**Student:** 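Let me give you the structure first, and then I'll get to my questions.
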Amino acid sequence: MKITMPNGDIKEHAQGINGLEIAKSISERLAREAVGIIVNGNRQDLSTPINTDATIKILTFDDEEGKDVFWHSSAHLMAAAIEKLYPGTKFGIGPSIENGFYYDIELPDEQKLGLEELPKIEAKMKELSEEKSDYNRIELSWDEAVEHFKKIGDNYKLELLEGLQGDEISFYKQGDFVDLCRGTHLPNTSMIKYFKLTSVAGAYWRGDSSRNMMTRVYGISFPKKKMLEDYLKMLEEAEKRDHKKLGKELELFMITPAIGAGLPVWLPKGAFIRRKLENFIKEELLKRGYVEVITPHIGNLDLYRTSGHYPYYSDSQYDPIKVEDEEYLLKPMNCPHHHQIYLSKPHSYRDLPLRLAEFGTVYRYEQSGELSGLSRVRGFTQDDAHIYCTQGQLKDEIKSTVELTQLVFKTFGMPVTTRLSFRDEEEGKYAGDMEKWELAQKVLKEVADEINLDYTIALGEASFYGPKIDFIVRDAIGRKWQLGTVQVDYVMPERFGLEYIGADNQKHTPVIIHRAPFGSLERFMSILIEHYAGNFPFWISPVQVSILPISDKQFEYAQKVYSRLTERGFRATIDLRSEKVNRKIAESEQQKIPFALILGQKEEDEGTVSVREHLKGNIGTHLLEELMERFDELNKVVVKE
RNA sequence: GCUGAUGUAGCUCAGAUGGUAGAGCACUUCCUUGGUAAGGAAGAGGUCACCGGUUCAAUCCCGGUCAUCAGCUCCA
């Protein structure tokens, strides 16, 4: 029979040959590293016989799917170790994930599993790995499978089986450990040599917060020692970029329980960067015909009854404030206020689009366990705007907002993914009629296609009043966060009774686009800090130059250099302490200041400055005037294509 | 909100079977005037997160609360 290789080569093999044998026929090394095989598009074990002509691809750890197999088998190995150490443990699910694997478990007799237990489990895994047990696939009927789990009393697996009723059920067994599993698995446990259990956390059974909380043990494994070492090193490096850590070190922001959990305070340097960001986007808005408005931080509760946000989001809003006979809500969003501005006078189609922009601070009562640095907070400022337009203007306006959002990410060189967040079928989750939803989703998708957006579609991620385009970035440790967003809304114009007079002299309802390129300035800042690891580009650095005289003989010259820089608008500090220049340089570098000017007798005599660039080191002696010309260039925002 | 971990000087962290604590850096003063990542000395600095309990005695043991971190659920 004919076996077609990924490169197109066709080889003749005897019927019934398996993946491992094919790998061997290619090279010993491939046979050693193979983890699974794709046969005519289906992934299967290397031990499964192949009986017909087939196109194949042998998987190794280097393939995404290979990693999946490797980590999934690792999860089984970990489960086996836990089973040995804690007999009677019940097992939930144990999949591979983006970086490694986990298994959800429930220890018997209310036992708890803490971090101290992980080394024990690792040791047992090592032992089991060295036993070199084969992963054997076993197929059972559904009834037999149920029988098995009833016997060992694993109600979680029984529940999983309910969803598989009628199917042929496959199990995998390595050593004494048997687990319900679709596969694919490695040939044997000895391939899993280098691993680390990274954390333990609670996880609701089937992701449902009304159900039992199981213990989730996370781990990662590799076929080569160096890979594990590199991975652990990478984690360490990522920790150094943590915005919470850098925020403290660079004095950008603080969060103190004395003010309140999740209520960040911007320190002078952080506030400086934030204003730079705001001014950057403000300029772009003015170019695009937006007008700025300012609205208060609270609003009459009736506004949110009209919009539907209250009580839809009552769980995540602060309690209303009573003022005389009325109730006010700390605003969880800016839209209703902007709608009132729209309503304050009649509109002609000639006025549209009306684009109202505001850096609006909103307050949301996030669950305590959700709070995290600047990424998830209870008070934050959106670079918000609402565009009121006609149906005919909608597409162009969406395009323009998407383009603006993309400009933000390009400017800072941040990798971003784009998601069309559409509705699902869940009852009661969405407002407005289906027709409008379909129209809104259609328009978004058309626009996305017309501008060749590289997107994914996520059902159920829409907001309750409309679908959106979300821009998603990752933080230093790989978590995904939504930053920019563009939303189409047919619901609020109706609820608030927004109108305009068309060319036909009839009343019409406008469409609203809600959009925020940064999303929230707090969250954007968290990502910005981690993206640059605190080494901000010159134009947003709170301090751009430090002036470091070598001895007090140069203090006067240093003051002169300082004045010339600050008079030209550069942000400089001067270090007049009686410290050695090495010390001054070290501190300037730690503060991640883009440039340090070292001034000694030689520079003073020549009227020059010795320049040290952050992360690059000494870049030689320059005339101050020349240097400032370079600084002028660096001060310009450059969009990286 | 839930699970696990953590909370000691401004920062980073030690610490003792229960007898009210230490280092480095930062800070203040003095000495030092030094050429591309930390010169030296002295001083000052703590309700050991908070509240209760056990105890002759609690920072340490127990219970609760708050906060922080990771994960789960949620996220206009």
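Each chain gets a letter, A, B and so on, in the order its sequence line appears, and its residues count up from 1. These numbers were taken from a predicted model, which means no experiment stands behind them.
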**Student:** Below 4.0 angstrom from OP1 or OP2 of C74(B), is there any side-chain N or O of Lys429(A)?
**Tutor:** no
**Student:** Using atom types as modelled and distance alone, determine if a side-chain donor or acceptor of Lys157(A) lies under 3.5 Å from a backbone N or O of Gly92(A).
**Tutor:** yes
**Student:** Reading RNA chain B from 5' onward, which residue's closest nucleotide shows up sooner: Phe555(A) or Gly207(A)?
**Tutor:** Phe555(A)
**Student:** Checking the side chain of Asp383(A) only, and the main-chain atoms of Ser520(A) only, is there a donor and an acceptor separated by less than 3.5 Å?
**Tutor:** no
**Student:** If you check every side-chain atom of Ser551(A), which of G34(B), U36(B), G71(B) has the closest atom?
**Tutor:** G34(B)
**Student:** According to a strict under-4.0 Å criterion, is Lys248(A) in side-chain N/O contact with OP1 or OP2 of U12(B)?
**Tutor:** yes
**Student:** Please list, chain by chain and in numerical order, all residues satisfying ring-ring contact (aromatic ring centres under 6.0 Å, His included) with His339(A), sequence neighbours excluded.
**Tutor:** His386(A), Tyr388(A), Phe496(A)
**Student:** Given the C1' atoms of G46(B) and U3(B), what is the spacing between them in whole Å?
**Tutor:** 33 Å
**Student:** Could you please name the option among U36(B), G35(B), A76(B) that lies closest to any side-chain atom of Glu603(A)?
**Tutor:** G35(B)
**Student:** Give me the distance, rounded to whole Å, that separates C61(B) from G19(B) when you measure between the P atoms they each carry.
**Tutor:** 12 Å
**Student:** How does RNA chain B look in dot-bracket notation if pairs are Watson-Crick or G-U with both distances under 3.5 Å, crossing ones as [ ], other-strand ones as |?
**Tutor:** (((((((..((((.....[..)))).(((((.......))))).....(((((..]....))))))))))))....
**Student:** Taking 4.0 Å as the cut-off, does a side-chain nitrogen or oxygen of Arg577(A) come that near to OP1 or OP2 on U33(B)?
**Tutor:** no
**Student:** Quantified in whole Å, what is the C1' atom distance between nucleotide C72(B) and nucleotide A21(B)?
**Tutor:** 39 Å
**Student:** Between Tyr313(A) and His614(A), which has a closest nucleotide on RNA chain B that is more 5'?
**Tutor:** His614(A)
**Student:** Between protein and nucleic acid, restricted to nucleotides 39-41 of chain B and to nitrogen or oxygen atoms under 3.5 Å apart, what atom pairs and distances do you find?
**Tutor:**
residue	atom	partner	partner atom	Å
G39(B)	OP1	Arg583(A)	NE	3.4
G39(B)	N7	Glu579(A)	OE1	3.3

**Student:** Below 4.0 angstrom, N of the basic side chain to O of the carboxylate: do Arg479(A) and Glu98(A) qualify?
**Tutor:** no
**Student:** For atom P, what is the distance between U20(B) and G63(B), given to the nearest Å?
**Tutor:** 25 Å
**Student:** Please evaluate the base of A37(B) for a donor-acceptor partner in the side chain of Arg612(A) within a cut-off of under 3.5 Å?
**Tutor:** yes
**Student:** Under 4.0 Å between a side-chain N or O of Lys112(A) and OP1 or OP2 of G4(B)?
**Tutor:** yes
**Student:** Under 4.0 Å from OP1 or OP2 of G71(B): is there any side-chain N or O of Arg479(A) that close?
**Tutor:** yes
**Student:** Measure distances between side-chain N and O atoms of Tyr204(A) and base N and O atoms of G1(B), and say whether any donor-acceptor pair falls under 3.5 Å.
**Tutor:** yes
**Student:** Taking the side chain of Gln367(A) as its heavy atoms from C-beta onward, which of G1(B), G34(B), G35(B) lies nearest to it?
**Tutor:** G1(B)
**Student:** Donor-acceptor pair under 3.5 Å: do we get one between Ser307(A)'s side chain and the base of A76(B)?
**Tutor:** no
**Student:** Quick check: Phe518(A) with Phe524(A) (ring centres under 6.0 Å apart)?
**Tutor:** yes
**Student:** Is the ring centre of Tyr318(A) less than 6.0 Å from the ring centre of Tyr365(A)?
**Tutor:** yes
